[in-house]
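Remarks on the structure that follows.
Below, chain A is the first sequence line, B the second, and so on; all start at residue 1.
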2 protein chains.
Amino acid sequence: MSFRTAFQPIIDKPEGKPGVLFYDDNAVIIEDKYPKSLRHYLVIPRHATKTHDHPLVAFDDDSEFYTLTKKYVDKCIDLVVSSLLRQFPDATPDTFRPFIQVGVHSQPSLSNLHIHVMTRDMWSPAMKHKKHYNSFATPFFVPFARLEPRESTDDSDDDNDNNVGGGAANADAWLKTGLRCCYCGTDFKNSFVGLKKHLDKEFRRKYGGLGGDLDDLRPNQ
Amino acid sequence: MSFRTAFQPIIDKPEGKPGVLFYDDNAVIIEDKYPKSLRHYLVIPRHATKTHDHPLVAFDDDSEFYTLTKKYVDKCIDLVVSSLLRQFPDATPDTFRPFIQVGVHSQPSLSNLHIHVMTRDMWSPAMKHKKHYNSFATPFFVPFARLEPRESTDDSDDDNDNNVGGGAANADAWLKTGLRCCYCGTDFKNSFVGLKKHLDKEFRRKYGGLGGDLDDLRPNQ
DNA sequence: GAATCATAAC
DNA sequence: GAATCATAAC
């Protein structure tokens, strides 16, 4: 049961902890220990009670908390971009900014509130099975922007696919749905191996020619 | 479909074929290409029509064919024993003779009539899954002795478990039944890995102390 | 990691 | 060999 609070020690005392990229009184930014994309960081608010809220309700009626958290999300995006620019000298920030996704799991495994900030390549040796993939490539992954509190109660513009209010309802179904390429939408049904091979091609198309050495990035496990 | 007749070329022309241990006009004796025990040979009658008979009916009302085939089965047993004696100098023929099982599959994969002659250790890297094991360790495997034609029509002594007459009926069920050690009967349910580890122990108890080097016998794949 | 399914099956 | 299930899950 204790694995669910794996982030608590980092929240309590981020100093010197492995993977910590940044921290202040409000938040910690860490590298995901099992990154599911080339870059995969986490923003972890340090708020004593919000940390125990479900991500789909933590920002409800709390614009202040959303705005504060967004500041760290933006900082995290900057960290992802600058890290990639060091690896790909011919790229520009615009190469990567539209390619970064920010959001939360509608059923998080770890209970402390955390926001994923990651490139949308899903190219990683830690991406090992369908549930991993679908948790980031379907509406199981809820964009952070959709968590922004609204003044109006009129939700006629809402995209019901994401269904933030009762968003955990269809979560299991999304994890089991057919595998679709997050670049082009090609349907790989249940063929995870087929998807992985295709993602490798898409990755090389996306990241090739940016001055980096893709062979350095080969999976090491 | 052609794999089913894989033995036909050996029947037609055994000369110089790999794995052939003996042949004359009536039969060929070969090493099973995927041995499921330390020793696993096959007796293949060369009779032009009998070779296409199902093993559970090939010997019906044909004592002569049974007697002829038994001669080659006995020869095959001698070959197994002499081969083992070369490997285990401290053993005697009686170490192995009661430990050899002779019989047929009630649903053979290969269509040419063949009789299995094998040690009852099931210790082999080619023994890879439940169906392999149960095909030799349950009544799916029909002892050759039970195929001997009888004068009498009184079958009150028959063991209905083997049910030679309609023997293929429960064949699929036997392949799926729980895994039981062929030495001691211990039930391993569906744990093939558990069974394999136990068989390794039984093997070392049976074959240890016979002057051979068991380390030479370690699986090579 | 291991059992199951599909494939190959000796 | 690969998908599934169970386990672990960052």
Problem set entry | Heavy-atom closest contact (R180(A) atom, G185(A) atom, distance) |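 Heavy atoms of R180(A) and G185(A) come nearest at NH1-O, 2.9 Å.
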Exercise. If every non-hydrogen atom of D32(B) is compared with every non-hydrogen atom of P35(B), which pair is closest and at what distance?
Worked result: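 Distance-wise, the nearest heavy atoms are O-CD, 3.3 Å.
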Exercise. Is the distance between the ring centroids of H132(B) and Y34(B) under 6.0 Å?
Worked result: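 Distance test on ring centres: not under 6.0 Å, no.
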Exercise. What does L42(B) touch in the nucleic acid at a heavy-atom separation under 4.0 angstrom: a base, only the sugar-phosphate, or nothing?
Worked result: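 Sugar-phosphate, no base atom in range.
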Closest to side chain of [X], choosing from [options]:
{"X": "A6(B)", "options": "dC10(C), dC10(D), dA2(C)", "result": "dC10(C)"}
{"X": "L110(B)", "options": "dA3(C), dC10(C), dC10(D)", "result": "dC10(C)"}
{"X": "N190(B)", "options": "dT4(C), dA2(C), dC10(C)", "result": "dT4(C)"}
{"X": "F3(B)", "options": "dA2(C), dA9(C), dC10(D)", "result": "dA9(C)"}

For this session: Please state the P separation for the pair dA2(D) and dA6(D) - nearest whole angstrom.
Result: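 Comparing P positions in dA2(D) and dA6(D) gives a spacing of 22 Å.
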Problem set entry | Position toward the 5' end of DNA chain C (nearest nucleotide), K197(B) or F7(B) |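 Between the two, 5'-proximity favours K197(B).
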For this session: Let me see the working for F192(A) and M127(A) under side chain to side chain contact (heavy atoms under 4.5 Å, CB included), right down to the final yes or no.
Result: CA-CA 10 Å; F192(A) 190 75; M127(A) 182 69 84; 4.2 Å; yes
For this session: Return the value, rounded to whole Å, for the distance between atom NZ of K130(B) and atom P of dA3(C).
Result: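 K130(B) atom NZ is separated from dA3(C) atom P by 10 Å.
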Exercise. Does the side chain of S191(B) get closer than 4.0 angstrom to OP1 or OP2 of dA3(C) through an N or O atom?
Worked result: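 Checking S191(B) against dA3(C): at least one side-chain N or O falls below 4.0 Å of OP1 or OP2.
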Problem set entry | Short side-chain N/O contact to dA8(C) OP1/OP2 from S109(B), under 4.0 Å |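 No.
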Problem set entry | Base paired to dT7(D) (Watson-Crick or G-U; both N/O distances under 3.5 angstrom) |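 Pairing partner, where one exists within any strand: none, as none qualifies.
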